[in-house]
**Q** 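First, the structure itself, so that you have it in front of you.
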Amino acid sequence: YSSVGGGFLQVLACAIRGHDDSGLWLNMKADWSVLVDACLIEDNFAYNGAGLYLSPNDAYIQITNTTVQDNSAFNEGGGLYVTNGTDDVYVGSGTILRNNDAEQGGGIAAADSVTRVAVGGALIEGNSASYGGGIKGSAVLDQASLADNIANFGGAICLLDFEEAQVDNSFIVDNIASYGGGIYNSRSNLDVTNSVLGNNSAWQGGGLFHFETVSSITDSVISGNTAGDTAAEGGGGVHGLVALLTVADSDFCGNTPLDLVGAWTGEGNTFEPDCLDCNGNGLPDTIDLQEGTSIDCNGNAIPDECDLV
C-alpha cells in the first residue's frame, strides 16, 4: 500500500502468507496513522522485510497482537524492515516475531543509523541472522523479551557504526552468538537500565561484547552468561575491546569464566559466583530479596515461595 494525503489505515484480523515478496508493504506519508492488529504474517520471502516492509516517512505505524513468523529475507529484516522513520514504528504488546531469518536483523532491521524502531511488550524469539538475530540497528526497548535468537554478531541485538539502543525493563535471555550472545555493540551507543542479561552465550562476551565505544548498564542483572574463549578470558558477562563500560547498581552472578573483561567504572555493584534462582523468575534469589520481588518472612535467605512447608 502506498499512501497519498493523510488519514487512518487499519489492517485487522488478517492472515498473510506464502508470498514471494513482503507480506505487508507500506509506504506512508506524513499525517497518516496505521494500526496493524491481530494479524498472522508468515512464510513470506523478500530481499528486505519479508514479513513487513515499512516506510513511515513521519506517519505513525503501530503493530499489536500480531504474530510474524517463519519469514525469510535475503538481506535485512526477516520479520520486519523499517526505513525512513525515527520512532515512527511501534511494535507493541501481544506481538510476537518468531523464527524469522535474514542476513541482518532476523526479527527486526532498522535500515540505517537515523532509523529507529520502538519495541514495547513484544516477544522476539528464535530468530537468526549473521548480524542481530533478534534486532539489527537502532531501537528503543521497554518491557520487551528477546530469547533464543542466534547470530554471528549479537544474538539478540547488534549495533554497528553510530547506531543506538535504549533497553529498559527488558529481558535478554538464552541468546547465542560468536560475539555478544546478548548484545554486540561496535562504535555505537548502548544504554541498558533495569533489565536482565541472562544465560546468553558466545565465544566472547556472553552477555555483551562492545568495541571502540562506551556502553552503560544501570540497575540491571547480568547472570549466568558464558564465554567459550577461556584462554583469552572471554568475558562471560561483558567483554570490552578498546571500550569502556560504565556500570552502576547492577548485580553480576554466575558468569563464566569472568564477569567483566575490559575497562569499566562504576559503583554500587555486586558480584556473586553463583546464581540461585529457586522460583525461576530470571532473578537470582539474593536480588529478589534485595529488590523486594520476593519476601523472606522467616529470615532464612530463601524466598518464601520456595520454602518447603
Side-chain angles (χ1 to χ4, degrees), residues 11-14 16 22-24 26 33-42 44 49-54 56 60-71 73 76-82 85-102 104-111 115-129 132-151 154-159 163-175 182-183 190-198 200 282:
V11 183
L12 306 177
C14 65
I16 303 172
S22 301
L24 182 61
L26 297 176
S33 181
V34 179
L35 173 63
V36 179
D37 183 72
C39 286
L40 173 62
I41 302 172
E42 64 180 356
N44 302 289
L52 300 94
Y53 183 111
L54 304 179
Y60 180 70
I61 303 174
Q62 183 175 4
I63 305 167
T64 55
N65 304 309
T66 290
T67 298
V68 182
Q69 65 185 16
D70 300 320
N71 301 284
E76 295 187 56
L80 167 63
Y81 177 82
V82 180
T86 299
D87 300 333
D88 297 325
V89 173
Y90 179 73
V91 183
S93 62
T95 298
I96 301 172
L97 292 106
R98 175 191 295 135
N99 296 339
N100 304 286
D101 69 85
Q104 299 188 43
I108 298 173
T115 297
R116 188 170 62 196
V117 181
V119 180
L123 171 62
I124 302 171
E125 68 172 358
N127 303 285
S128 60
I135 299 173
K136 162 60 176 69
S138 296
V140 177
L141 280 66
D142 189 15
Q143 298 183 350
S145 295
L146 290 87
D148 298 308
N149 301 287
I150 299 174
I157 300 171
C158 178
L159 303 171
E163 295 171 335
E164 60 181 354
Q166 173 73 47
V167 181
D168 295 328
N169 310 307
S170 295
F171 282 84
I172 298 175
V173 297
D174 298 319
N175 301 282
I183 303 173
L190 172 66
D191 189 354
V192 178
T193 303
N194 196 33
S195 295
V196 174
L197 286 170
N200 303 287

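Every heavy atom of this structure was used, including side-chain atoms; hydrogens, water molecules and symmetry mates were not. Please read these numbers as outputs of a predicted model, since none were measured by experiment.
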**Q** Quick one: does V119's side chain get under 4.5 Å of L146's, heavy atoms only?
**A** no
**Q** What heavy-atom pair brings G92 and A122 nearest, and what distance separates the two atoms?
**A** O-CB, 3.8 Å
**Q** Please identify each residue that fulfils side chain to side chain donor-acceptor pair (under 3.5 Å) with N99, with sequence neighbours left out.
**A** none
**Q** What residues form a side-chain contact (heavy atoms from CB on, under 4.5 Å) with A50, not counting sequence neighbours?
**A** A46, N71, A73
**Q** Could you tell me which non-hydrogen atom of A129 sits nearest to which non-hydrogen atom of G105, and how far apart they are?
**A** CB-N, 3.8 Å
**Q** Kindly give the heavy-atom pair with the smallest separation between G78 and A102, and that separation in Å.
**A** N-CB, 3.5 Å
**Q** Looking at residues at least two apart in the chain, or sitting in another chain, which of them share a salt bridge (charged side-chain N to carboxylate O under 4.0 Å, His left out) with D191?
**A** none
**Q** Determine the sole option in T66, I124, T67 for which the side chain to side chain contact (heavy atoms under 4.5 Å, CB included) test with I96 is passed.
**A** T67
**Q** When you look at D37 and Q62, which way does the side-chain contact (heavy atoms from CB on, under 4.5 Å) test go after all the steps?
**A** CA-CA 8 Å; D37 183 72; Q62 183 175 4; over 6 Å; no
**Q** Kindly write out the residues that satisfy side chain to side chain donor-acceptor pair (under 3.5 Å) with N169, not counting sequence neighbours, or none if the list is empty.
**A** D142, N194
**Q** With sequence neighbours left out, write down each residue that passes side-chain contact (heavy atoms from CB on, under 4.5 Å) with L190, or none if nothing qualifies.
**A** L159, A165, V167, I183, N185, V192, L208, S215
**Q** Checking D101 against S128: is there a side-chain donor and acceptor pair closer than 3.5 Å?
**A** no
**Q** Can you name the side-chain contact (heavy atoms from CB on, under 4.5 Å) partners of T86, sequence neighbours left out?
**A** R116
**Q** Are L97 and V91 close enough that some pair of their side-chain heavy atoms sits under 4.5 Å apart?
**A** yes
**Q** Apply side-chain contact (heavy atoms from CB on, under 4.5 Å) to A109 and list each qualifying residue two or more places apart in sequence or on a separate chain.
**A** E76, Y81
**Q** Between CG of D70 and CG of N100, what distance do you get to the nearest 0.5 Å?
**A** 7.0 Å
**Q** Has T95 got a side-chain atom pairing as donor or acceptor with I63's backbone, closer than 3.5 angstrom?
**A** yes
**Q** Looking at residues at least two apart in the chain, or sitting in another chain, which of them share a side chain to side chain donor-acceptor pair (under 3.5 Å) with Q104?
**A** none
**Q** Okay, side chain of D88, backbone of Y60: is any donor-acceptor separation there less than 3.5 Å?
**A** no
**Q** Roughly how far, to the nearest 0.5 Å, is CD1 of I41 from CG of L52?
**A** 4.0 Å
**Q** Looking at S170 and Q143, what are the two nearest heavy atoms and their distance?
**A** OG-N, 3.4 Å
**Q** For the backbone of E164 and the side chain of S138, can you confirm whether one donor and one acceptor N or O come within less than 3.5 Å of each other?
**A** yes
**Q** Using side chain to side chain contact (heavy atoms under 4.5 Å, CB included) as the criterion, point out the one residue from V117, L80, L141, N149 that pairs with I135.
**A** L141
**Q** Would you check if the side chain of S22 reaches a backbone N or O of G49 as a donor-acceptor pair within less than 3.5 Å?
**A** yes
**Q** Over all heavy atoms of both residues, which pair between V89 and P56 is shortest? Give the atoms and the distance, please.
**A** CG2-CG, 4.0 Å
**Q** Can you tell me if N200 uses its side chain to pair, donor with acceptor, with the backbone of N175 under 3.5 Å?
**A** yes
**Q** Let me confirm one number: the CG-OG1 distance from D87 to T115, rounded to the nearest 0.5 Å.
**A** 10.5 Å
**Q** Taking only residues two or more places apart in sequence or in another chain, which ones pass side chain to side chain donor-acceptor pair (under 3.5 Å) with E125?
**A** R98
